[in-house]
Amino acid sequence: MSNSNGTAGASPAKPAAENAPAVNPSNFIKDIIAEDLKTGKHASIVTRFPPEPNGYLHIGHAKSICLNFGLAKEYGGRCHLRFDDTNPCKEDIEYIESIERDVRWLGFDWKENLYYASDYYDKLYEYAVALIKMDKAYVCELSGDEMREYRGTLTEGGKESPHRNRPVAESLDLFERMKKGEFEDGKLVLRAKIDMNSPNINMRDPIIYRIRHTAHHRTGDKWCIYPMYDFTHCVSDAIEKITHSICTLEFEDHRPLYDWFLDVLKTECHPRQIEFARLNLTYTVMSKRKLLELVDKKYVGGWDDPRMPTISGLRRRGYTPGAIRNFCEMIGVAKSNSTVDFAMLEYCLREDLNKRALRVMGVMKPLKLVITNYPDGAVEELDAQNNPEDESAGTRKIPFSKVLYIESDDFREDPPNKFFRLAPGREVRLKHAYYIKCESVIKDEKGDIVELRCTYDPATKGGWSDDGRKVQGTLHWISAAHAISCEVRLYDQLFTKTNPDETSAGDYKENLNAGSFTSLYPCYVEPGLKTAKPEDRFQFLRQGYFCADADSTPEKIVFNRTVTLVDTWAKLEKKMQVKK
RNA sequence: UGGGGAGUCGUCUAAUGGUAGGACAGCAGACUCUGGAUCUGUACGUGAGAGUUCGAUUCUUUCCUCCCCAGCCA
């Protein structure tokens, strides 16, 4: 593929950094921050994104990432990336690496502020000891079952543990021995001494340390006791001098405990926890447990399956970081549970891709078309615009010859009303090329159409006619002799229901969409796409946005359909069918 | 039935006592060498009642609905 401005035809869409958010609305968290800055409560802000490395990041995390990093950027503060790695049983280095990669890909930079809760294990231990010395924590020997029994219920208070009032020195000794590994998993725990009758169950003497003889991915065998989330999180925030600790709604009940620890410990810094509603999307499951199950039980190809709502899946599918960031701005931040229409995400995607994706032609379901009055063996190089939305994208040359492929869907022997494409006796334009007229249809013995015979008008070169003659349709095409054959993978929603959790048997997997993946081969694309690299994005004219997949080989390129173009004709046709 | 939250167009989200606005989706049209993009127009909403007020999405109150919490997960 030649190119008038020197860029390779198959170069990827431009980097996401060029794409500034289109909208920048306010929200209740910004209001709080603006107030804190105005009153002088804080001179600048510090936020954090605190993932547990026990799974891949998904679009819901992207909302939190955009929020936390976005706030820091907007108010000139900083945002930390902190791994909340307090449960070695579920965590893995693989997840740490994927999370770092995904946050970076989304366009955010934590600079030197990369932390791990496990970095604070020593301090956390000291704080726990301090709690015991203040008689605000004790070692408890109740079993798991007993603990549950003593906890009480939603409507009734709990009972105090028989160990609750053991001497401080005894708890100190026991805790020390827990640390030394003298007890088996589950034998003892360290508990905060708060109030077994609190209507808030989180305050009924919550566990702050448990025994786990499990190696940690970062601290190895150094510890066999690990701190719990509620204790770790607030202390980590305080250590890092976080000003606004933003989390999701389900932690609202934990806020009194967050505050209790920091108040009792009298930490210098006492961040304010603020909760917002997590993202839900139609046709999508977002829980880590379910996504992990889809991967583990091979309902999908992996965490980066292009149908997954994971960042890696979206990336592989062809989503751009800019589209995701704009989406996160567009949906806003509030406290009411909500489910965003997937169409909004697709809108952001198309908007972004439209501006930046190079236009090329590709035929999904090829139908052979012979131009009977075109000279045998002749080849013309025609000019084609790379992106009508971006003059600077330049033009390229595409080969034209006697035998072409067009899209099967672009021909109807018996065209319905309002079908503007090719049909017997009809004239249409081949994009960037000529007007052609269908003269005859060739079928095989089964009656299937195998070839079209057409004539072209040499006076319409480039796709224009000087005589004012209009054609209703414009078709994409590929010169058969120059076509690169490739595989195209089409995706649909992974689930058939807007809410996959709406089930009869209680299993969301019954709503899995059996038709969510389709592969087409051979498809034909322009010769310039031969060098396409994974994640290179294109618009296949009239069809949609596609990107090369990592499964591509030098012999066969694989394209993923990222998203279709808005298809007014398909909508119209569907409507006409419904009418019938 | 304990505690904590939330209810604004179909969906997401503004309006913080003064004209209920925007976006997506929908519908209709214009334009177009992509039935894309773009542009124009259009329909659609304050959970219910009572109260305060000249005036209530906003304040008070009663009710209704939905979500979260009884992991040694986060």
Side-chain angles (χ1 to χ4, degrees), chain A residues 22-23 25-27 31 50-52 54 84-87 89-90 140 142-144 147-149 151-158 185-191 198-204 206-212 226 228-230 232-233 247-256 275 277 279 282 288-289 330-348 350-351 354-355 359 361 385 388-389 418-421 429-433 435 460 462-465 471-476 498 539-544 564-573:
Chain A
V23 284
S26 188
N27 60 53
D31 292 345
E52 186 193 8
N54 68 345
D84 231 330
D85 54 351
T86 56
N87 187 358
C89 307
K90 292 185 176 177
C140 181
L142 255 27
S143 70
M147 192 88 75
R148 194 173 312 122
E149 216 180 292
R151 189 154 34 223
T153 66
L154 291 179
T155 50
E156 297 158 38
D185 286 8
K187 273 289 180 225
L188 302 178
V189 292
L190 182 69
R191 291 226 254 168
S198 172
N200 181 343
I201 292 179
N202 293 302
M203 302 299 272
R204 314 233 266 235
I207 294 172
I208 54 188
Y209 263 93
R210 77 287 215 188
I211 301 171
R212 284 268 180 286
Y226 293 95
M228 299 285 287
Y229 165 85
D230 285 306
T232 309
H233 203 88
C247 62
T248 44
L249 254 25
E250 68 269 27
F251 292 103
E252 221 151 9
D253 282 345
H254 295 241
R255 191 176 352 117
E275 310 84 12
L279 170 67
T282 55
K288 274 192 191 177
R289 196 207 99 224
M330 185 183 275
I331 58 175
V333 177
K335 291 197 72 160
S336 59
N337 292 102
S338 59
T339 302
V340 176
D341 193 336
F342 200 90
M344 237 189 254
L345 215 208
E346 294 192 324
Y347 168 84
C348 292
R350 291 189 180 107
E351 180 185 56
N354 175 51
K355 286 182 289 196
R359 270 59 168 175
M361 292 198 284
Q385 219 177 350
E389 301 292 320
K418 299 206 176 132
F419 182 84
F420 298 155
R421 283 108 98 141
R429 170 172 40 235
L430 292 181
K431 180 80 178 172
H432 304 306
Y435 285 12
T460 57
W464 289 106
S465 174
V471 288
Q472 281 202 107
T474 299
L475 273 41
H476 58 275
T498 52
Q539 183 194 101
F540 287 7
L541 239 39
R542 302 209 304 136
Q543 307 199 86
T564 60
L565 251 28
V566 171
D567 194 344
T568 310
W569 164 243
K571 211 194 294 179
L572 222 190
E573 194 179 28

Within the sub-3.5 Å range, which N or O atoms of nucleotides 13-19 of chain B have a protein N or O partner, and how far apart are they?
from, atom 1, to, atom 2, distance (Å)
B:A14, OP1, A:V333, O, 3.4

Exercise. Is the distance from OP1 or OP2 of B:C73 to the nearest side-chain N or O of A:R212 less than 4.0 Å?
Worked result: yes
Exercise. So does A:Q539 reach the base of B:U34 with its side chain, donor to acceptor, closer than 3.5 Å?
Worked result: yes
For this session: Taking only the side-chain heavy atoms of A:T155 (C-beta and beyond), determine which of B:U34, B:U1, B:C69 contains the nearest atom.
Result: B:U1
Give each protein N/O atom lying under 3.5 Å from an N/O atom of nucleotides 45-47 of chain B, with the pair distance.
none

For this session: Spell out yes or no: do the side chain of A:R542 and the base of B:G35 have one donor N/O and one acceptor N/O closer than 3.5 Å?
Result: no
Problem set entry | Identified pairing partner of B:C66, criterion: Watson-Crick or G-U wobble below 3.5 Å | B:G5
Problem set entry | Base B:G36 to side chain A:E389, donor-acceptor N/O within 3.5 Å cut-off | yes
Seminar exercise, completed: Taking a pair to mean Watson-Crick or G-U wobble geometry with both distances below 3.5 Å, B:G17 pairs with none
Mind listing the N/O atom pairs, protein and nucleotides 39-42 of chain B, below 3.5 Å?
none

Exercise. Looking only at side-chain N and O atoms, does A:K571 come under 4.0 Å of OP1 or OP2 in B:C27?
Worked result: yes
Problem set entry | Complement of B:G41, any strand, by Watson-Crick or G-U distances under 3.5 angstrom | B:C27
